[in-house]
**Q** 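Let me give you the structure first, and then I'll get to my questions.
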Amino acid sequence: MITFNKVHFSYPKKEIFKDVNFKIDKGEFVFLIGESGTGKTTLLRMINMELVPRIGEVTVAEFNTNSIKKPEIPLLRRKIGFVFQDFKLLNDRNVFDNVALPLYLSGVKPAYIKKKVFNVLNEVGVFDSYRKMPEELSGGEQQRVSIARAIVNEPLVLIADEPTGNLDPFVSFEIIKLLLSINYKGTAVLVATHNYEIVKKLRSKRLMQIKDKKVFEVVLKD
Amino acid sequence: MSPSYYFKELWRYIKSAKSSVFSSTVVIMIAVLLLGIYVTISINSIKLMKLIRDKVEIDAYLIDNFDETKASSLINSIKTIGGVKTVKYISKNEAAKIFAEDFGEDILEVFDYNPLPPSFKISLYDEYKTIDRIEKVKGELLKYKDINDISYAQKNLEILERNSNSLVFLNLSLLLIITFASIFLVSNTIKLMISAKKNTIELMKLIGASKETIRTPFILEGFFQGFAGSILAVIILQLFLNYFYTAYTNNDFNFSIIDTTFLILMVVFGTLLGTFGSVFSIRRFLRFY
């Protein structure tokens with residue numbers, strides 16, 4: 001579903017990836033680790049096709065960096081759910097409207113939007129807060145709303161960039177549990193994180209590490 | 001995407017950034033108002049120049065013992081001079097009456113006798129109201145032995161002729177400066193306003209909004225700001241103009257207020273300014289997708 005094939009990528013004065021190859025299949029749960037500045041966020045942005053490789057190709061579902069046309073990029077992004085460290089909720093609208101936004105953008109009918117948003121809010125555990133504004137919520141609640149927004153469109157893959165970066169350990173684990181339950185229902189999940197505690201606790205999950213401009217598979221020993 | 005979505009988004013943007021919406025509307029209002037004031041001043045200064053030129057007449061003073069019976073034949077003869085439109089004889093008595101009207105005093109009480117000479121008041125066709133042409137007419141008039149002296153508003157004409165070209169240049173320069181300053185000011189204000197929404201735009205891109213979907217509410221916002229700003233400008237201008245119309249219109253000068261067509265054009269200008277200001281400002285945020 002997501003394939004990196006011989007990917008080379010550089011910023012104007014810094015080479016980030018050199019011959020990166022990996023594949024993520026439907027329904028997988030993958031942790032992506034690496035030191036700061038190694039390119040975790042860059043890799044996620046390449047999946048979103050905000051960035052394109054200098055050499056090689058990235059394929060996400062039926063879209064490929066070498067052949068995708070500009071008007072197709074929004075269509076690709078509707079198949080990916082994104083969760084951010086800083087939540088990126090819009091402060092000019094309440095929880096319901098934040099979560100409903102991707103559905104509006106996909107042209108879904110209002111009657112269905114209401115049903116779908118309430119279901120998802122219930123699933124992530126913030127149904128009671130649907131009328132609240134983002135600033136009225138705790139960090140953990142905001143991240144749950146952000147996850148609800150990411151999954152409301154039933155994406156093929158959910159990408160989380162440091163989703164626990166701004167949260168305390170207990171809430172962090174709750175968020176990871178939520179991502180696991182989403183994955184359990186069939187959505188592939190890719191989590192870029194610095195939180196090695198969580199990675200160690202979930203050692204059965206696939207782990208990829210960015211090191212020396214390459215992506216490696218890592219197996220943690222018991 | 002349904003129109004109701006765009007209007008909902010527009011309303012959200014306005015509600016969440018009331019002060020910047022207000023300030024860019026005011027900036028558009030000022031820009032349109034400046035243009036309106038400029039056009040009013042321009043129209044009225046041109047009108048004033050024309051009025052001064054229209055009032056230019058030649059006074060041909062006759063010898064003191066002029067034989068009035070010769071007046072009508074002399075008038076007919078003067079009318080044959082190129083450029084002369086009308087000729088009117090002013091007798092010594094009529095001159096005394098005009099003096100009394102102008103100064104409120106009887107000339108006979110001032111001097112014991114009437115020193116005012118009889119004269120001809122000669123009006124010219126508009127195209128002859130230049131110093132060169134009047135001097136030629138003056139030369140022809142002085143050939144008559146009954147005509148003693150000639151006078152006309154030479155100083156006023158000299159000022160007009162000297163300044164009319166620079167006035168046109170000044171007018172055009174001001175028009176250009178005001179137009180470019182308005183565009184610059186408005187586009188920068190709108191750019192600042194849209195910059196404040198940078199995070200919203202970035203998120204919209206990431207969750208799959210098309211360029212059109214992101215752009216449309218901002219363009220609508222620019223359109224309505226431009227419309228509201230220019231309507232306000234037109235109202236303020238009308239209030240000013242009504243005041244000036246009452247204060248400065250008299251028998252000699254009728255202060256011109258700009259007509260409805262121009263007011264509509266002002267609204268169109270302001271609306272376009274707001275709309276295109278938004279179109280160009282949002283472009284830079286959508287360049288990289």
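Order of the sequence lines fixes the chain letters, A, B, ..., with proteins taken first and strands second; residue numbering starts at 1 for each chain.
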**Q** Quick one: what part of A:N153 sits under 4.5 Å from any heavy atom of chain B, side chain, backbone, both or neither?
**A** neither
**Q** Which residue is it: B:F285, B:Y13, B:F223? I am looking for the one with a ring-ring contact (aromatic ring centres under 6.0 Å, His included) to B:F218.
**A** B:Y13
**Q** Is B:E212 in contact with chain A via its backbone, its side chain, both, or neither, using a 4.5 Å heavy-atom distance?
**A** neither
**Q** Let me know if B:T200 has heavy atoms under 4.5 Å from chain A in its side chain, its backbone, both or neither.
**A** both
**Q** Flag the one option from A:R45, A:K79, A:R149 with the top tally of heavy-atom pairs under 4.5 Å to chain B.
**A** A:R149
**Q** Picking from A:N5, A:N66, A:N64, what satisfies side-chain hydrogen bond (donor to acceptor under 3.5 Å, both in side chains) with A:T59?
**A** A:N64
**Q** Applying side-chain contact (heavy atoms from CB on, under 4.5 Å) to B:N156 and B:K55, what does each step give before you reach the verdict?
**A** CA-CA 10 Å; B:N156 287 351; B:K55 287 207 156 218; over 6 Å; no
**Q** Taking atom types as modelled and ignoring hydrogens, do the side chains of A:E141 and A:S138 form a donor-acceptor contact shorter than 3.5 angstrom?
**A** yes
**Q** Checking B:L203 against chain A: side chain, backbone, both or neither under 4.5 Å from a heavy atom?
**A** side chain
**Q** Is chain B contacted by the side chain of A:D92, its backbone, both, or neither, given a heavy-atom distance below 4.5 Å?
**A** both
**Q** Charged N to carboxylate O below 4.0 Å: is that the case for A:E50 and B:K205?
**A** no
